Participant: 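Provided herewith is a single structure, encoded as structure tokens, for subsequent inquiry.
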Amino acid sequence: MRSRSETLAAYLMLAPALAALAIFRIYPIAATVWGSLCTESFVVAGKQIFVGAANYVDLMKDPIFWKTIWVTIKLNLVINPFQVCLAFGLALMVNQNFRGIGFYRLLFFIPIGVSLPIACVVWRIMLDPNSGLIDSLLAALRIPNQPFLISQNQALWCIVAIASWKGVSFWMIFLWAGLQDVPRELQEAAKIDGAGAVQRLLRITLPLLKRPLLFVLVTDTAVNFLLFVPMFLLTGGGPSYSTNVLMYEAYKTGFVYGEMGRALAIVMVMLTLVVATVIIQFQLFRQEQS
Amino acid sequence: MRNFVLGVCIHLLYLSIGFLFLLPLWWALASSLRPIDDIFRYVSPFSWKAFIPDRLTLQAYYEIFFSKGFGLAVFNSLLVSFSTVVLGLLINSLSGFAFGVLRFPGRNLLFVITVLTFLVPFEAISIPLYTVVRALGWLDTYWALIIPGVANGIVIFLFRQFFSQVPRELVDVARIDGAGWLSIYFRIYLPLSKPVLVSAALLIFLFQWESFLWPLIAVRSENLKVIQVALAGFEQRYQTLWNELFAASVFAALIPLLVLLPLQRYYVQGVTASGFKG
């Protein structure tokens with residue numbers, strides 16, 4: 001029943017969205033690959049000169065770039081498993097049913113409406129080493145003042161904490177939806193067979209939650225590899241490059257120093273890292289299945 | 001008795017985690033309502049009054065709107081978000097209709113490409129996107145903020161999933177009556193899709209309301225600043241005007257929360273459906 005008018009109508013209806021996706025999503029990806037092999041001309045504004053792998057070679061020679069890669073990897077090795085575990089815990093919590101659960105669900109939802117820049121502004125003041133709320137709460141527990149964001153050793157972990165405060169509620173939603181698809185009868189049957197809560201969690205819930213868990217892990221990884229706002233607002237990549245991640249380095253290179261080609265080369269390295277990590281994650285999940 | 005103790009423990013656990021989520025926002029709200037000299041008064045040594053302002057004033061809100069021009073940023077964000085929602089709902093639902101209902105060559109391939117575009121995060125392409133938008137001559141205009149966010153693979157996916165579940169007989173009957181495809185979409189499919197419209201609108205709205213990196217690089221002039229960028233500029237310029245920083249933060253969080261919390265259910269539906277059903 002395929003008719004010509006139907007085909008024509010379909011293409012016309014798709015045209016605006018597909019054209020926009022092609023221009024604003026697909027073309028920029030191609031432009032990243034090409035632009036990373038070019039440098040901008042000083043003579044003619046906006047004109048690109050092909051320089052081959054020069055941008056990449058320059059990057060490889062730069063010790064700060066290697067430090068940036070290491071910081072990005074360190075951050076992601078910690079933040080992604082951390083957030084997925086927390087989100088899973090929260091999902092188990094909101095999936096319970098008792099009087100008053102609606103109120104708690106509302107509380108757990110709050111950070112979804114709070115943007116990352118807001119979270120950063122508020123947390124910076126709370127973490128202020130001179131007069132911050134957190135240090136004074138610690139003082140009440142007789143713990144000495146901490147430098148937090150101005151310390152080389154603590155800044156990155158403060159960013160992990162802030163980004164997780166904002167992020168875990170969002171990932172919780174997916175895992176919660178996954179939990180609702182776990183058949184109740186299965187749980188009941190295992191209970192009758194004498195399986196404890198922990199056993200039921202490990203043997204029934206977790207295996208059935210594999211797909212949403214993998215989805216959350218992969219998407220969360222893509223988000224965190226591109227984490228930018230806390231470094232921009234709170235640390236400027238410092239102290240002494242301890243929070244200088246690839247996305248922030250790319251932004252600085254492109255828009256502060258005006259070296260677009262080099263910035264795009266950094267983006268390419270970053271995207272390669274993301275893809276490699278995601279492939280590893282898929283492999284890990286598949287292995288567990290067999 | 002044992003059950004009672006267990007119940008108290010459970011509530012304490014939930015309360016302490018809920019408190020952790022609420023604390024920064026609550027403290028921001030309380031602090032935004034105080035005179036600036038009071039902000040750290042009860043913090044060190046710590047007193048419960050840190051969370052309950054005793055001298056209330058709206059001075060900080062007055063200042064950000066009447067002398068710092070924060071209202072303009074709120075207006076810009078609302079304008080950008082709403083325009084994106086309206087345009088986005090229209091063109092993405094049209095595509096969803098085509099993918100979900102119509103039959104045409106290349107349908108599956110195009111659909112897969114569409115969904116794949118969503119997997120590339122917006123931040124990653126923001127730098128090359130800058131060169132695209134510059135070539136279009138849109139830098140420093142509302143267009144730069146609105147148009148790149150309109151087409152959205154995940155929203156197309158949502159509409160496509162919904163429309164493909166509507167019985168096709170409806171279309172056949174309408175076709176026999178001589179209705180055109182566009183009128184079938186407008187008269188039959190669109191009115192059916194209210195829940196998807198709501199969740200798609202929320203997704204697009206929050207995406208635009210929270211976007212930061214793209215507006216930061218696409219727009220330089222003060223009077224086009226969106227709320228998140230204005231907040232960041234504020235943070236960098238007036239680091240010690242704490243009460244005003246808090247007031248701006250509270251206001252920037254208030255609008256999405258007012259939209260989100262009552263419509264929570266739809267948002268969850270939209271987010272989860274975009275995740276793995278299909």
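The structure presented is a predicted model; accordingly, all values stated were derived computationally and were not measured. Chain A is the first sequence line, chain B the second, and so forth, proteins listed ahead of strands; every chain is numbered from 1.
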Participant: Name the orientation class of the two ring planes belonging to A/F170 and B/Y267 (parallel below 30°, tilted from 30 to 60°, perpendicular beyond 60°).
Facilitator: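 Tilted: the ring planes of A/F170 and B/Y267 meet at 30° to 60°.
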Participant: Report yes if the distance between the aromatic ring centroids of B/W26 and B/F19 is under 6.0 Å, otherwise no.
Facilitator: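 Ring centres of B/F19 and B/W26 not closer than 6.0 Å.
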Participant: Against chain A, label B/L216 side chain, backbone, both or neither, depending on which of its atoms sit under 4.5 Å from a heavy atom there.
Facilitator: side chain
Participant: Check whether B/L182 gets within reach of chain A through its side chain, its backbone, both or neither, counting any heavy atom under 4.5 Å.
Facilitator: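 Interface part for B/L182: both.
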Participant: Heavy-atom distances under 4.5 Å only: say whether A/F98 touches chain B with side chain, backbone, both or neither.
Facilitator: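 A/F98 touches chain B through side-chain heavy atoms alone.
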Participant: Which region of A/V168, side chain (C-beta onward) or backbone (N, CA, C, O), has a non-hydrogen atom less than 4.5 Å from a non-hydrogen atom of chain B, or is it both or neither?
Facilitator: side chain
Participant: Is A/I110 in contact with chain B via its backbone, its side chain, both, or neither, using a 4.5 Å heavy-atom distance?
Facilitator: both
Participant: For B/F163 together with B/F159, are the ring centres under 6.0 Å from each other?
Facilitator: yes
Participant: Verify whether one side chain among A/T253 and A/E259 offers a donor that lies under 3.5 Å from an acceptor in the other.
Facilitator: no
Participant: Please classify the contact of A/S169 with chain B as side chain, backbone, both or neither, using a heavy-atom distance under 4.5 Å.
Facilitator: side chain
Participant: Name the region of B/V150, side chain, backbone, both or neither, that has any atom closer than 4.5 Å to a heavy atom of chain A.
Facilitator: neither
Participant: Side chain from CB out, backbone as N, CA, C, O: work out which of these in A/Y11 comes under 4.5 Å of a heavy atom of chain B, or both, or neither.
Facilitator: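 Answer is side chain: those atoms of A/Y11 sit under 4.5 Å from chain B.
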Participant: Between atom CD1 of B/I184 and atom CZ of B/R175, what is the distance when rounded to the nearest 0.5 Å?
Facilitator: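 Between B/I184 CD1 and B/R175 CZ, I get 5.5 Å after rounding to 0.5 Å.
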Participant: So what's closer than 4.5 Å to chain B heavy atoms on A/A119: side chain, backbone, both or neither?
Facilitator: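 Neither part.
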Participant: Could you tell me which portion of B/F212 (side chain, backbone, both or neither) has an atom closer than 4.5 angstrom to a non-hydrogen atom of chain A?
Facilitator: side chain
Participant: Is B/I227 close to chain A through its backbone or its side chain, or both, or neither, when contacts mean heavy atoms under 4.5 Å?
Facilitator: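 Looking at B/I227, nothing touches chain A.
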Participant: Of the listed residues (A/V121, A/T32, A/V267), which shares the most heavy-atom pairs with chain B below a 4.5 Å separation?
Facilitator: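 Heavy-atom pair counts peak at A/V121.
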Participant: Using non-hydrogen atoms only, which part of B/L260 is less than 4.5 Å away from chain A: side chain, backbone, both, or neither?
Facilitator: side chain
Participant: How many angstroms lie between atom CE of A/M93 and atom OH of B/Y14, to the nearest 0.5 angstrom?
Facilitator: 4.5 Å
Participant: By a 4.5 Å heavy-atom criterion (distance strictly below it), what part of A/F108 contacts chain B: side chain, backbone, both, or neither?
Facilitator: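 It is both, since atoms from each part get that close.
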Participant: Heavy-atom pairs under 4.5 Å with chain A - which of B/S249, B/P256, B/G96 has more of them than the others?
Facilitator: B/S249
Participant: Evaluate the ring planes of B/H11 and A/Y104, with Trp represented by its six-membered ring, and classify them as parallel (under 30°), tilted (30 to 60°) or perpendicular (over 60°).
Facilitator: tilted
Participant: At a 4.5 Å cut-off on heavy atoms, which part of A/I101 comes close to chain B: side chain, backbone, both, or neither?
Facilitator: side chain
Participant: Let me know if B/Y130 has heavy atoms under 4.5 Å from chain A in its side chain, its backbone, both or neither.
Facilitator: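 Contact with chain A involves the side chain of B/Y130 alone.
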Participant: Side chain, backbone, both or neither: which part of B/V101 has a heavy atom under 4.5 Å from chain A?
Facilitator: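 B/V101 touches chain A through backbone heavy atoms alone.
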Participant: Which atoms of A/W123 are under 4.5 Å from chain B, going by heavy atoms: the side chain, the backbone, both sets, or neither?
Facilitator: side chain
Participant: Given a strict heavy-atom distance threshold of 4.5 Å, which part of A/L233 is in contact with chain B: side chain, backbone, both, or neither?
Facilitator: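 Contact with chain B involves both backbone and side-chain atoms of A/L233.
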Participant: Of the backbone (N, CA, C, O) and the side chain (C-beta and beyond), which part of B/L258 lies under 4.5 Å from a heavy atom of chain A, both, or neither?
Facilitator: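 Neither; nothing under 4.5 Å.
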Participant: Under a 4.5 Å heavy-atom cut-off, does chain B meet the side chain of A/L271, its backbone, both or neither?
Facilitator: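 Contact with chain B is through the side chain of A/L271 alone.
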Participant: Please state whether the side chain, the backbone, both or neither of B/E123 comes within less than 4.5 Å of a heavy atom of chain A.
Facilitator: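 Interface part for B/E123: both.
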Participant: Calculate, to the nearest 0.5 Å, the distance between atoms CZ and CG belonging to B/F21 and A/L106 respectively.
Facilitator: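 So the gap between those two atoms works out to 12.5 Å.
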Participant: Check whether A/P111 gets within reach of chain B through its side chain, its backbone, both or neither, counting any heavy atom under 4.5 Å.
Facilitator: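 Only the side chain of A/P111 comes within 4.5 Å of chain B.
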Participant: Answer with side chain, backbone, both or neither: which region of A/I112 has an atom nearer than 4.5 Å to a non-hydrogen atom of chain B?
Facilitator: both
Participant: Give, as side chain, backbone, both or neither, the part of A/M247 having an atom under 4.5 angstrom from any heavy atom of chain B.
Facilitator: side chain
Participant: Please look at B/W209 and chain A and tell me whether the side chain, the backbone, both or neither of the residue comes under 4.5 angstrom of a heavy atom of that chain.
Facilitator: neither
